[in-house]
Student: 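This is the structure, below, for whatever I ask next.
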Amino acid sequence: TACCLYSGDQILDYSGHLLNLASRLNDLARPSGIVIDGNYLSSVIPETQRGVFKSQQVYLRGIAEDHPVEVFFLDKFVRISDVALSPIADESWNTVVKTFTKGELLKMQSFWRQDLSNPAKSKEKIKVTITRPRRDTKKFVIIHDFKDFSYSEEGSTPVIRLNVDKLRALVDMDNLARNGKVSIKFEYVPKTLPRTATA
């Protein structure tokens, strides 16, 4: 099931297992392609197209962390990352939240960097979420999974770089209130560092 939360005529949020599953499968469909939940069985795929799909057992955050589930993916266009092939139940996610006003966003250069206190396990273990109020009510928020970022480890400093031009387009600056604020949430799994030997 999927749920829709209303306040009067306003839609506040959507939630439910089906939406979470769709979001996780969408994350798997990289660089560009189709991923189908294995519960639908191969019969959901037209018979003439079944040959271009392959099956794979994968782990999905919040869905299948201890035990994998089967998915069908378009083999020519999807590369299942190694991260999705390992259990994730024991992973600990770090979170950093930054909030900017409309004026600060307008003054930003094309790219903005967020330094992390610890290196991330991989780019696939980084999630960037954008939250902004709607113009007509401060309580309503619009949440986007933001994909236009890069990750690097410059010397000893791990860095996430955001494409600010695409961020501004996503939050629709013209439709953001003058004193409106945009929050950027960075979530990442820190890399496990090797233990140093002690005498």
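When a residue number appears, it is its place in the shown sequence, counting from 1. Keep in mind that this is a model prediction, so the values were computed, not measured.
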Student: Who are the ring pair (Phe, Tyr, Trp, His ring centres under 6.0 Å) partners of Phe100, not counting sequence neighbours?
Tutor: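 For Phe100, the residues satisfying ring pair (Phe, Tyr, Trp, His ring centres under 6.0 Å) (neighbours in sequence not counted) are Trp112.
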Student: For residues Ser92 and Pro190, report the shortest heavy-atom separation together with the two atoms involved.
Tutor: O-CD, 3.1 Å
Student: Suppose we screen for side chain to side chain contact (heavy atoms under 4.5 Å, CB included). Which residues come up paired with Thr101, at least two apart in sequence or across chains?
Tutor: Glu104, Lys181
Student: Find the distance between CG (Asp13) and OG (Ser7) and round it off to the nearest 0.5 Å.
Tutor: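 Rounded to the nearest 0.5 Å, the CG-OG separation comes to 12.5 Å.
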Student: Would you please name every residue forming a side chain to side chain contact (heavy atoms under 4.5 Å, CB included) with Pro158, sequence neighbours left out?
Tutor: Leu116, Pro119, Tyr151, Glu153
Student: Can you give the donor-acceptor pairs under 3.5 Å from side chains of residues 20-38 to other protein atoms, not counting sequence neighbours?
Tutor:
| from | atom 1 | to | atom 2 | distance (Å) |
| --- | --- | --- | --- | --- |
| Arg24 | NE | Arg61 | O | 2.8 |
| Asp27 | OD1 | Lys147 | NZ | 2.6 |
| Arg30 | NE | Asp27 | O | 3.1 |
| Asp37 | OD1 | Asn39 | N | 3.3 |
| Asp37 | OD2 | Asn39 | ND2 | 3.4 |

Student: In terms of hydrophobic clusters joined by side-chain contacts under 4.5 Å, are Val97 and Ile184 together?
Tutor: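 Hydrophobic grouping puts Val97 apart from Ile184.
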Student: State which residue, out of Thr131, Thr129, Thr99, fulfils the side-chain hydrogen bond (donor to acceptor under 3.5 Å, both in side chains) condition with Ser183.
Tutor: Thr99
Student: Taking only residues two or more places apart in sequence or in another chain, which ones pass side chain to side chain contact (heavy atoms under 4.5 Å, CB included) with Glu47?
Tutor: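 Residues passing side chain to side chain contact (heavy atoms under 4.5 Å, CB included) with Glu47: Arg50.
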Student: Apply side chain to side chain contact (heavy atoms under 4.5 Å, CB included) to residues Tyr188 and Asn118 and explain how you reach the verdict.
Tutor: CA-CA 9 Å; Tyr188 67 99; Asn118 299 298; 4.2 Å; yes
Student: May I have the list of side-chain donor-acceptor pairs in residues 160-172 shorter than 3.5 Å, sequence neighbours left out?
Tutor:
| from | atom 1 | to | atom 2 | distance (Å) |
| --- | --- | --- | --- | --- |
| Arg161 | NH1 | Glu154 | OE2 | 2.9 |
| Arg161 | NH2 | Glu154 | OE2 | 2.8 |
| Asn163 | OD1 | Asp165 | N | 3.2 |
| Asn163 | OD1 | Lys166 | N | 3.1 |
| Asp165 | OD1 | Arg168 | NH2 | 2.7 |
| Asp165 | OD2 | Ser110 | OG | 3.2 |
| Lys166 | NZ | Asp148 | OD1 | 3.4 |
| Arg168 | NH1 | Leu105 | O | 2.6 |
| Arg168 | NH1 | Met108 | O | 3.1 |

Student: Using a 3.5 Å distance criterion without hydrogens, assess whether the side chain of Lys102 forms a donor-acceptor pair with backbone atoms of Met173.
Tutor: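 It does hold such a pair.
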